[in-house]
Amino acid sequence: MILIETDILKNTDDIYALTGAFFPGEKITITCRQGTPDDMSHPVTKRENSGKGGKLVYKSDIGAMFDVEVCDLSKDELKRTVYRALSNHTGRDLPWGSLTGIRPTRLARKRIELGMSDDQIVADMKNSYYCSDEKIRLSIEIARKELELINPLISRENAHSHYSLYVDVPFCPTRCLYCSFTSNPVGSDRSFVEAYLNALELEIRETAALTKCIYPDTVYIGGGTPTALLPEELERLLGLLERYYGTEKALEYTVEAGRPDSVTAEKLRVLKAHGVTRISVNPQTMNQGTLDLIGRRHTTDNVKEAFHMAREECFDNINMDIIIGLPGENVEDVEHTVSELVLLDPDSLTVHSLAVKRASVMKEQLENGMTDGAHNRPDPVKTGMMMAEMMAVADRGARSLGMKPYYLYRQKNTAGNLENTGYAKEGRYSLYNILINEEVQDILALGAGGISKRLDAAGNASRSANFKEARDYIANIDKVIDKKREFWL
Ligand code: SF4
């Protein structure tokens with residue numbers, strides 16, 4: 001347990017994230033004398049009369065750790081100061097240094113656009129954020145690829161002449177233990193699915209006019225697992241999108257088929273018939289013991305079958321997702337997963353670092369001290385080294401298939417404080433993933449949990465979120481539509 005006492009009310013989310021990165025698996029609590037901080041997505045308790053001024057006072061359950069002066073610092077200075085204090089205390093450095101944001105490639109992209117050379121960017125980002133050379137060079141490689149791919153889709157003159165469409169299907173065959181999405185097990189009673197599709201149909205019909213008949217550049221149906229829908233339900237949804245949004249004309253049309261146990265030839269034919277160009281079949285790991293442990297409820301054979309089925313149905317752009325840092329897995333397990341995927345030869349590979357999020361069953365188990373041999377609290381040094389090695393294994397595997405990294409984002413509370421990286425072969429990139437990640441295009445998001453984004457001429461994004469839970473979304477669909485109209489027009 002780590003307790004941070006402070007009187008400052010700003011940027012405590014960053015302090016929390018940096019501390020968590022140095023002490024993975026530790027429970028961290030921040031207490032503030034003056035009330036609730038501005039950013040409170042982490043546990044905060046109110047504390048009276050600490051008298052600690054502009055200081056952070058770190059304590060563990062065995063006593064005082066250290067104090068840091070943080071009076072009158074800008075956000076970046078504060079993060080640098082806290083990073084240095086944590087690094088001195090632990091004797092360790094982090095690959096991404098003091099960066100807590102989710103889009104480090106943006107920093108590299110901005111510097112490229114300013115005309116800086118690679119060496120200048122490395123020097124500048126090291127100085128500003130203490131990132132490692134390796135991570136800065138990865139950011140530069142990805143930022144250059146992103147610029148090449150998305151420049152034609154970004155209009156500075158008319159911010160709203162291009163957009164992408166996202167549709168959420170919040171159903172899955174069953175719920176995985178690490179899941180933090182609002183996914184509902186689909187079950188045998190389809191009345192809930194039907195009620196959801198009825199509400200979604202209303203949103204599709206009523207909001208289509210907002211786009212003034214401009215076709216979306218890219219379409220992404222995610223969730224959830226959209227292929228958890230029955231073929232006739234998929235047919236209904238994709239037919240509506242085609243009719244109201246002209247989705248078959250999009251440059252790229254992705255449907256997630258994440259759970260291989262939801263994939264059938266009939267469903268794949270429905271996707272093909274409606275112009276879907278890209279699907280994602282996600283093994284996460286090719287080790288059966290781990291799949292069982294994380295509650296995926298499918299086999300490694302299901303993964304291979306779904307992949308081959310998709311090839312037989314002529315899908316020539318298949319992505320596969322894997323997660324590194326899964327409970328109980330070591331470098332050899334990741335090597336096994338990667339070698340199995342290399343044999344399958346997908347067109348793109350997305351490598352996630354496990355993020356144990358608050359809404360997941362796994363987080364609950366970790367906090368309750370689950371000690372079944374697979375969920376023991378990690379040693380930070382070992383975790384960091386092992387995760388870096390696993391990431392290198394995945395990187396080598398992807399590059400051996402002729403793929404290059406083309407987008408990257410970070411999440412909070414990831415094992416080893418690493419990143420998620422998308423790799424793809426030439427011509428098999430997902431433009432949507434770059435557009436959503438870099439926030440360079442409007443996104444119209446439909447369905448439960450969808451977050452629409454609108455960019456102004458200066459490139460600043462504003463957001464509007466639909467109800468997160470499917471039941472709330474269904475019950476309030478009229479409000480959802482009114483809010484969307486107001487936001488988009
Ligand atoms: S497949 Fe994905 S969205 Fe569905 S339950 Fe598992 S982690 Fe959640």
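Counting convention: from 1, in listed order, for ligands and their atoms alike. Nothing here was measured: the structure is a model prediction, and the numbers come from that model. Residues: numbered from 1 along the sequence shown.
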Is Lys468 atom NZ crowded by more than 12 heavy atoms from other residues, nucleotides or ligands, each under 6.0 Å away? no
Nearest non-hydrogen protein atom, atom 2 (Fe) of ligand 1: Arg296 NH1, 4.4 Å
Pull out every atom of ligand 1 sitting under 4.0 Å from any heavy atom of Arg259, numbered as shown with elements. 1 (S)
Among Leu238, Leu446, Leu165, Asp168, find the one that has a side chain to side chain contact (heavy atoms under 4.5 Å, CB included) with Ile221. Leu238
Could you check Thr174, Asn302, Thr227 and say which one makes a side-chain hydrogen bond (donor to acceptor under 3.5 Å, both in side chains) with Arg259? Thr174
What are the protein N, O or S atoms, given as residue plus atom name, that sit under 2.8 Å from atom 8 (Fe) of ligand 1? Cys179 SG
Arg175 versus Phe181, closest heavy-atom pair with distance: NH1-O, 2.8 Å
Any heavy-atom pair between the side chains of Tyr245 and Thr211 that's under 4.5 Å? yes
With Cys131, the side chain to side chain contact (heavy atoms under 4.5 Å, CB included) member among Leu107, Leu99, Leu138: Leu99
Do NZ/NE/NH1/NH2 and the carboxylate oxygens of Asp345 and Arg311 come within less than 4.0 Å? no
For Thr174, counting its heavy atoms only, list the atoms of ligand 1 lying under 4.0 Å from any of them. 5 (S)
Is it the case that the side chain of Asn330 and the backbone of Asp333 share a donor-acceptor pair, with hydrogens and angles ignored and the cut-off at 3.5 Å? yes
Ligand 1 versus Asn282, non-hydrogen atoms closer than 4.0 Å: side chain, backbone, both, neither? neither
